[in-house]
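What follows is one structure encoded as C-alpha cells, with my remarks underneath.
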Amino acid sequence: MVVHRIIPSRISRLKDPLTRFKPLKTLTTSSSPAPESEPSSSSSSSSSSSDSDSFLVEKICFSLKQGNSNVRNHLIRLNPLAVVEVLYRFRNDLSLGQRFVDQLGFNFPNFKHTSLSLSAMIHILVRSGRLSDAQSCVLRMIRRSGVSRVEIVNSLVSTYSNCGSNDSVFDLLIRTFVQARKLREAYEAFTLLRSKGYTVSIDACNALIGSLVRIGWVELAWGVYQEISRSGVGFMEEAFELMNAMPSKGFSPGVYTYNTVINGLCKHGKYERAKEVFVEMLRSGLSPDSTTYRSLLMEACKKGDAVETENIFSDMRSRDIVPDLVCFSSMMSLFTRSGNLDKALMYFNSVKEAGLIPDNVIYTILIQGYCRKGHLSEAFRVWDEMISKSIKPTVMICNSMIKGYCRSGNASDGESFLEKMILEGFVPDCISYNTLIYGFVKEENMSKAFGLVKKMEEKKQGGLVPDVFTYNSILHGFCRQNQMKEAEVVLRKMIERGVNPDRSTYTSLINGFVSQDNLTEAFRFHDEMLQRGFSPDDKF
DNA sequence: ATAGGGTTAG
C-alpha cells in the first residue's frame with residue numbers, strides 16, 4: 001500500500017487558486033510577514049532592471065533550479081518587473097515557472113502585481129494547461145482599478161513571445177470577459193487583438209457572438225462575425241479542422257456561428273440582414289441546417305410574409321431538411337391568422353406526411369382557425385380527431401371552442417359546452433368566462449353576461465377574479481345599449497376593486513356618449529383617458 | 001465551455 005505524502009508540488013496542483021494563493025495558517029511560520037516586509041512595486045520601482053534586481057533574479061532562478069522549494073527569503077525583495085524577468089528565464093522550463101508562480105502566490109497572496117507581471121504568469125499558466133488558475137489571474141488583471149483594455153492587451157502582447165506563449169491566451173481573455181459579463185470590454189479586446197494580427201479561436205468568438213446577440217447587441221456581434229469572415233482562409237481552415245476533429249459532436253462550428261448570428265438578427269427584426277448572412281453562409285460552402293431555416297422561417301411567419309415563408313419552406317425541403325413541429329405550427333399560425341384555412345389545413349396534413357405526430361399546439365392552431373371564422377362543424381371534426389389520438393384538450397383548446405360557439409352566434413351552446421367540460425374535470429380560466437361573457441354581450445343578453453360574472457367568482461367554479469376584460473365587456477354592453485349611467489357604475493366599480501381601466505374602457509365610454517350626442521361627457525372621458533396615459537384610438 | 005420554439009379574450 002502506497003502512502004502519499006503531501007509535498008509542495010502536490011499543494012501547487014490544488015484546483016482552487018484562491019485556496020492556493022491564500023497563506024495557510026498551519027503552514028506559515030510563527031514570524032508571519034509584517035505588511036511592510038511584503039514586496040511592493042514602489043520600493044525599487046524606477047529602474048527596470050537594476051543590478052540588484054538582476055542579482056535577485058539570478059538567486060531566485062538558481063534556488064528554484066536547485067530544487068529549493070522555499071525561496072521565500074528571496075521573494076520578499078521581489079518587484080513585479082523581477083517577476084517578469086524570472087518567468088522569461090523559465091520560458092523553456094514550465095515546471096520551474098509554475099513552481100515560481102505557486103511559491104509567489106502561496107507566500108505573498110497580496111503581492112502588488114502589475115499588468116505585466118500578471119500577464120507573464122498568465123502565459124506560463126496557460127501553457128501549463130492550468131486554465132482556471134490562469135483565469136483567476138486574468139480576473140485579477142481586469143479588476144484592477146484604472147486599467148484600460150489597451151493596457152491589458154498590450155501587457156499580454158508584450159510578454160507574449162518572451163514567455164513562448166500562444167494565441168489560446170487570448171481565447172482565455174475573451175472568455176473571461178464574456179463570463180464576467182463585460183461584453184463591451186470583450187469586444188474591444190477582440191478588436192485590438194485582431195488589429196495586432198492575433199487570432200481568437202472560433203469557439204471563443206462564438207461565445208462572444210452568442211452573448212452579444214443575447215443582450216441585443218447584434219451590431220457588435222455582426223462586427224465580430226465580419227471580422228471572422230474577413231480574416232477568411234485561416235479561420236475557415238480552423239473551422240473545418242475542428243469540424244473534422246470532432247465528427248461525433250454532430251455539428252460544425254462554422255454552421256454554429258452562422259446560426260447564432262442569423263438567429264440573433266432575426267430575433268431583433270433584422271430579417272434582411274439575416275438573409276444577407278444566410279447568402280454569405282451558402283457562398284462559404286457551408287450547409288444550412290434545420291436551425292438556420294427555422295430562424296428565418298419563424299421570423300418570416302412573424303412578419304406575416306406568406307410568400308417569403310413558403311419560399312424558405314420549399315428551399316428547406318429542396319435540401320431534404322425535415323421541418324419540425326415548430327416550423328409547421330408557425331406556418332399554420334401564419335395562415336390561420338390571415339384567414340387562409342385551406343393552406344393551414346394543407347400544412348396540417350404535411351405534418352403527418354413528414355412523419356411527425358401533431359401535438360396539442362398544432363391542433364389548437366387549426367381548431368382556433370376554424371373557430372375564429374365560426375366554422376364550428378370543421379372545428380369539431382378536428383376536435384374529434386384530436387380526442388381519438390388521445391390528446392387531452394387543454395384550456396386553450398376549450399377556450400377556442402367556446403370562441404367558436406360565440407362567433408357563430410350561439411353563446412348559450414358555448415355555455416353548455418363549458419358546463420359539460422367542467423363535469424369532465426376541465427378547469428376553466430378567466431379567458432373561458434370572458435369569452436363567453438363577451439359572447440352574451442354581443443347577443444345583448446346582459447342578464448346572462450352578469451350571471452356568468454357571478455358564476456366565475458364562485459368557489460366551486462374556480463373562484464376567479466373578474467379582470468379588465470370582464471369589466472370592459474359588461475361596460476361595452478351598456479354603452480352599446482345607451483345605458484351610460486350603468487356603464488359609469490361599472491367604471492367606478494372596477495376602479496374600486498383595483499382593476500385599472502385601459503384604452504378600450506374609455507373608447508367604449510366615449511363612443512357611447514358620442515352616439516348620444518353628449519359631447520361634453522365624451523370630452524370629459526377623453527381627457528381622463530389622456531390623463532391616465534392612454535393614447536386615443538385611431539378613430540379619433 | 002459555444003445557437004434553438006410554436007398556440008388563447010375586448
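Hydrogens, waters and symmetry mates play no part in the numbers below; they use all other heavy atoms, side chains included. Just so it is clear: chains get the letters A, B, ... in the order the sequence lines come, proteins before strands, and each one is counted from 1.
- The aromatic rings of A:Phe417 and A:Trp383 sit perpendicular, their planes meeting at an angle over 60°, well past the 30° parallel limit.
- Remark: P of B:dG6 and CZ of A:Phe335 are 18 Å apart, rounded to the nearest angstrom.
- Using a 4.0 Å heavy-atom distance criterion, A:Ile362 is classed as a base contact.
- Set against B:dT7, B:dG4, B:dT2, the side chain of A:Asn263 has B:dG4 as its closest nucleotide.
- To the nearest angstrom, P of B:dA3 lies 21 Å from CZ of A:Phe278.
- Close to B:dA3, at under 4.0 Å from its OP1 or OP2, lies a side-chain N or O of A:Tyr256.
- Checked by atom type, the side-chain pair A:Tyr347/A:Glu310 shows a donor-acceptor distance below 3.5 Å.
- A:Leu297 has its CG atom 21 Å from the P atom of B:dA3, to the nearest Å.
- Heavy atoms of A:Lys267 sit under 4.0 angstrom from primed sugar atoms or phosphate atoms, though from no base atom.
- Per the geometry, NZ belonging to A:Lys303 stands 18 Å off P belonging to B:dG6, to the nearest Å.
- Between A:Glu457 and A:Arg497 there is a salt bridge, since at least one side-chain N of the basic residue sits less than 4.0 Å from a carboxylate O of the acidic one.
- In the set B:dA1, B:dG6, B:dA9, the nucleotide with an atom closest to the side chain of A:Gln179 is B:dA1.
- Residue pairs satisfying the ring-ring contact (aromatic ring centres under 6.0 Å, His included) criterion with at least one member in residues 421-446 of chain A, sequence neighbours excluded, are absent.
- Residue-level contact check: A:Asn434 touches the bases, meaning some heavy atom is under 4.0 Å from a base atom.
- Residue contacts shown for A:Met298 are limited to sugar-phosphate atoms, with no base heavy atom under 4.0 Å away.
- Computed from coordinates, the A:Ile228 CD1 to B:dA3 P distance equals 14 Å when rounded to whole Å.
- Ring orientation note: the planes of A:His375 and A:Tyr370 are tilted relative to one another, at an angle of 30° to 60°.
- Among the nucleotides B:dT8, B:dG10, B:dG4, the one closest to the side chain of A:Met396 is B:dT8.
- In this structure, A:Phe534 places its CZ atom 14 Å from C1' of B:dG10, rounding to the nearest Å.
- A:Thr260 comes within contact range of the sugar-phosphate backbone alone, with a heavy-atom separation under 4.0 Å but no base atom that close.
- The residue A:Ile431 sits close to a base: some heavy atom pair falls under 4.0 Å.
- Donor-acceptor pairing under 3.5 Å, judged by distance alone, is absent between the side chain of A:Asp324 and the base of B:dG6.
- At B:dT7, none of the side-chain N or O atoms of A:Gln368 fall inside 4.0 Å of OP1 or OP2 (strictly under the cut-off).
- Between A:Arg175 atom CZ and B:dT2 atom P there is a gap of 8 Å when expressed in whole angstrom units.
- Here B:dG6 is the nucleotide among B:dG10, B:dG6, B:dT2 with the atom lying nearest to any side-chain atom of A:Val361.
- For B:dA3, the OP1/OP2 oxygens have a side-chain nitrogen or oxygen of A:Arg214 closer than 4.0 Å.
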### Task
Please lay out, stage by stage, how A:Tyr258 and A:Tyr225 fare under the test ring-ring contact (aromatic ring centres under 6.0 Å, His included).
CA-CA 8 Å; A:Tyr258 277 101; A:Tyr225 155 73; 5.5 Å; yes
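- No engagement by A:Ser400 is indicated, since no non-hydrogen atom pair under 4.0 Å with the nucleic acid exists.
- For A:Lys403, a side-chain nitrogen or oxygen approaches OP1 or OP2 of B:dG10 to under 4.0 Å.
- No contact: A:Asp171 has no heavy atom under 4.0 Å from any strand.
- Partners of A:Arg143 by salt bridge (Lys or Arg N to Asp or Glu O under 4.0 Å), not counting sequence neighbours: none found.
- In the interface, the side chain of A:Thr291 is paired with the base of B:dG4 through a donor and an acceptor atom under 3.5 Å apart.
- Of the candidates B:dA1, B:dA9, B:dG6, B:dG6 carries the atom nearest the A:Asp359 side chain, counting heavy atoms from C-beta on.
- By the 5.5 angstrom centroid cut-off and the 30-degree plane limit, A:Phe469 is classified as stacked against the base of B:dA9.
- Taking only side-chain nitrogens and oxygens, A:Arg372 comes nearer than 4.0 Å to OP1 or OP2 of B:dT8.
- For A:Phe177 and A:Phe190, the gap between ring centers reaches or exceeds 6.0 Å.
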### Task
Could you provide the dot-bracket string of DNA chain B, using ( ) for intrastrand pairs, [ ] for crossing pairs and | for bases paired to another strand, with Watson-Crick or G-U pairs below 3.5 Å?
..........
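- Ring geometry, A:Phe534 versus A:Tyr506: the interplanar angle falls from 30° to 60°, so the pair is classed tilted.
- Computed from coordinates, the A:Leu173 CG to B:dA1 P distance equals 21 Å when rounded to whole Å.
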